Amino acid sequence: MTHRALRLRLDTDALQSNWRWLDRVSGSRAGAAVKADGYGLGAVEVTTRLSGVGCRNFFVSTWAEAEALGKLPEGVSLAVLHGVGPDDADAALSGIARPVLNTPQQVARWKEIAPGKACDVMVDTGMNRLGIRTDELEVLDSLAIDTLMSHLASADEDSALNRIQLDRFRGVKAAVAAKRYSLANSAGICLGPDYGFDLVRPGLALYGGLPREEAWGHIRQVATPEAEVIQRRTVRAGESIGYGATWVADADTEAAILNVGYADGYLRCFAGKGAAIVDGQRLPLIGRVSMDLVAIDCSAAPDLAEGDWAALEYSLPEAADASGLSQYELLTGLSDRFERLWS
Ligand SMILES: *Cc1c(COP(=O)(O)O)cnc(C)c1O
């Protein structure tokens, strides 16, 4: 196989340990959001690893994502969050997943094409993104609802809206019969077991994201990008490096050029902020991020040479602070040029 000079190291043990922690503290059972190809890590690989430790409920956004998962292990269920649109009937009737019905139109469509067949439902309790409004719940009559869910808008903050949505969801639960009720995402789980109901739907925290302080010390980093050194060179005092000559050496500096750049999802906002880690040494980025290249100051790593690998600093909360990107964008933006390598 052709050598790939970029890889994403993925830690099975950390993924499984994150799921176990979320499952335990939720006070209910944890499923897993594996949309966007498992937040960029690989939905098939994530699903296999999490079903292996007892996760039974998975969520994707679209029917194409559901199909891409292929055959799921026995006893595992899948839901499609965007529901059943005008062109989704064939996929939805194939039985590979339940639709999460989001609108009165989708509810009417499901009643017509699959009367009595199990579905999930999203109710809007204050986010105004997707979901049946609480004043139109009567459209749900005669549906066979497996999981009735709502979604928190501000769970990563100490917002009054959290409690309001919780109270509204309790009202919905009292009014609409379903097998199970589900409210919390990763951040919602951190708000405590009141938010747990029967099933929680973590995404970000499974993959090493820290949605709230409560998760500190419990959630482990799962994904670490690594790039190869193409050249080591000496930049003389007074010389600059990279586009725009934004960085100028004040003394002779050892630089290593790594084959990673913004086209890989390592965006320009890491300039002056990001770093590589080699043998425990932090080697800061110098100059701009190019499309496929960055430079690091490797003076502290005298042995680093062509063909060596350097891990990029990518602890999600810290990388988010440094770059101004969200932890979600940091994961889902990593390109296909990274070879995904699971431990
Ligand atoms: C993406 C998503 C989740 C997971 O959210 P995280 O913040 O990543 O934990 C849960 N529920 C719904 C409806 C979603 O769209």
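Since the structure is predicted, the reported quantities are computational estimates derived from the model, not experimental observations. Whatever order the structure lists ligands and atoms in, that order sets their numbers, starting from 1. In this chain, numbering begins with 1 at the start of the sequence shown.
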message: Test of understanding: with salt bridge (Lys or Arg N to Asp or Glu O under 4.0 Å), list the residues that count as partners of Asp11, not counting sequence neighbours.
response: Arg220
Salt bridge Asp194-Arg163, side-chain N to carboxylate O under 4.0 Å: yes
statement: By side chain to side chain donor-acceptor pair (under 3.5 Å), Asp321 pairs with (sequence neighbours left out) none
message: Counting only heavy atoms and a distance below 4.0 Å, can you name the residues contacting ligand 1?
response: Ala33, Lys35, Tyr39, Leu81, Met122, Arg129, His151, Asn185, Ser186, Arg201, Pro202, Gly203, Leu204, Tyr328
message: Treating Asp292 as the side-chain partner and Gly261 as the backbone partner, does any N or O pair qualify as donor plus acceptor under 3.5 Å?
response: no
- request: Answer yes if the side chains of Glu329 and Thr332 hold a donor-acceptor pair under 3.5 Å, and no otherwise.
  value: no
- line: Going by chain and number, the hydrophobic cluster around Met122 (ILVMFWY, side chain to side chain under 4.5 Å) further includes Phe59, Leu81, Val100, Met149, Leu199
